[in-house]
Amino acid sequence: MRIPDDRIDEFRNLYADCYACGLSNPIGLHLDGFHRRSDVEIGATFVPRPEHRGTVSTLHGGVIAAVLDEICAWTAVLLADTMAVTATLDLRFRNPGEAGGRYQLTGVLGEATGRRLRITGSLHRGDTTIAEARGLFLATDPVASLWPTDA
């Protein structure tokens, strides 16, 4: 069962304490603005805080990995209608990111065979690609098992 577009934030409340997307987690990354762009692509935003930096002003590579993993997981939720766990995640860092400003995340659902989902993610600032990820995700629970029947 697909989460209606106007109820994505309501579904997110089930995960309010999630490290990456939970808005109630005081030390979390607070990814926000999840939305479907098409039947195979979703988007979200990330606004890093100073504590997300690595060296003097760059965004920490581990933080980049976490946001890419999260956009891929949400791609499974919003496009394959399933919760999923990461089996593999291959990262490519293209340009340094600054530990400030606003970033755009994109997740793309690729091949889906049985429980296996091939998903790609990317992190951009304006026209600059900061990093890309390719992953294999394993479907776990259908979204419908976690979502109210009146949705």
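Computed from heavy atoms alone, side chains included, the values below leave out hydrogens, waters and symmetry copies. Everything numeric in this text was worked out from a predicted model, so none of it was measured.
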**Asked** In terms of side-chain geometry, is the basic nitrogen of Glu98 or Arg125 positioned less than 4.0 Å from the acidic oxygen of its partner?
**Response**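 Salt bridge flag = yes for Arg125 with Glu98.
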
**Asked** Any Lys/Arg nitrogen of Arg92 or Asp90 sitting under 4.0 Å from an Asp/Glu carboxylate oxygen of the other?
**Response**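 Yes, Arg92 and Asp90 are salt-bridged.
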
**Message:** Pair Ile3, Val77 - check side chain to side chain contact (heavy atoms under 4.5 Å, CB included), show working.
**Reply:** CA-CA 8 Å; Ile3 300 166; Val77 169; 3.8 Å; yes

**Message:** side chain to side chain contact (heavy atoms under 4.5 Å, CB included), that's the test. Do Ser122 and Gln104 meet it? Break it down for me.
**Reply:** CA-CA 8 Å; Ser122 57; Gln104 298 79 41; over 6 Å; no

Following the transitive rule for hydrophobic clusters with a side-chain heavy-atom cut-off under 4.5 Å over Ile, Leu, Val, Met, Phe, Trp and Tyr, establish whether [X] and [Y] coincide in one cluster.
X: Leu89; Y: Leu79; value: yes
X: Val67; Y: Leu23; value: no
X: Leu146; Y: Val143; value: yes

Keeping the roles fixed (side chain from [X], backbone from [Y]), state whether a donor-acceptor pair exists under 3.5 Å.
X: Thr45; Y: Asp32; value: yes
X: Arg118; Y: Ala112; value: no
X: His30; Y: Asn25; value: yes
X: Arg12; Y: Gly22; value: no
X: His124; Y: Gly126; value: no
X: Thr113; Y: Arg116; value: no
X: Ser38; Y: Val40; value: yes

**Asked** Quick one: side chain to side chain contact (heavy atoms under 4.5 Å, CB included) partners of His52, sequence neighbours excluded?
**Response**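 Per chain and number, His52 pairs via side chain to side chain contact (heavy atoms under 4.5 Å, CB included) with Leu29, Phe46, Pro48, Arg49, Leu59, Val63.
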
Can you name the nearest heavy-atom pair linking [X] to [Y], along with the distance?
X: Ala84; Y: Phe137; value: CB-CB, 4.1 Å
X: Leu68; Y: Gly121; value: CD2-C, 3.7 Å
X: Ile8; Y: His35; value: CD1-CA, 4.3 Å
X: Ile130; Y: Pro96; value: CD1-O, 3.6 Å
X: Thr82; Y: Asp141; value: OG1-O, 3.3 Å
X: Pro4; Y: Arg36; value: C-NH1, 4.3 Å

**Close side-chain approach of Val108 and Ile119, heavy atoms under 4.5 Å** =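 When only atoms from C-beta onward are counted, Ile119 and Val108 do not touch, as no gap falls below 4.5 Å.
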
**Asked** With a 4.5 Å limit on heavy-atom distance, are the side chains of Arg7 and Phe11 in contact?
**Response** no

**Prompt:** Can you name the one residue among Leu123, Asp69, Leu91, Thr58 that meets side chain to side chain contact (heavy atoms under 4.5 Å, CB included) with Ile64?
**Reply:**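 Passing option: Leu123.
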
**Asked** Name the one of Thr106, Thr120, Ile42 that satisfies side chain to side chain contact (heavy atoms under 4.5 Å, CB included) with Ile71?
**Response** Ile42

**Request:** Show your working on side chain to side chain contact (heavy atoms under 4.5 Å, CB included) between Asp5 and Phe34 and close with a plain yes or no.
**Result:** CA-CA 9 Å; Asp5 289 344; Phe34 290 93; over 6 Å; no

**Asked** Distance from Thr88 atom OG1 to Leu136 atom CG, nearest 0.5 Å?
**Response** 4.5 Å

**Request:** Hydrophobic side-chain clustering at under 4.5 Å (ILVMFWY, transitive links): who's grouped with Val85? Put none if nobody.
**Result:**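 Taking Ile, Leu, Val, Met, Phe, Trp and Tyr as members, Val85 shares its hydrophobic cluster with Leu138.
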
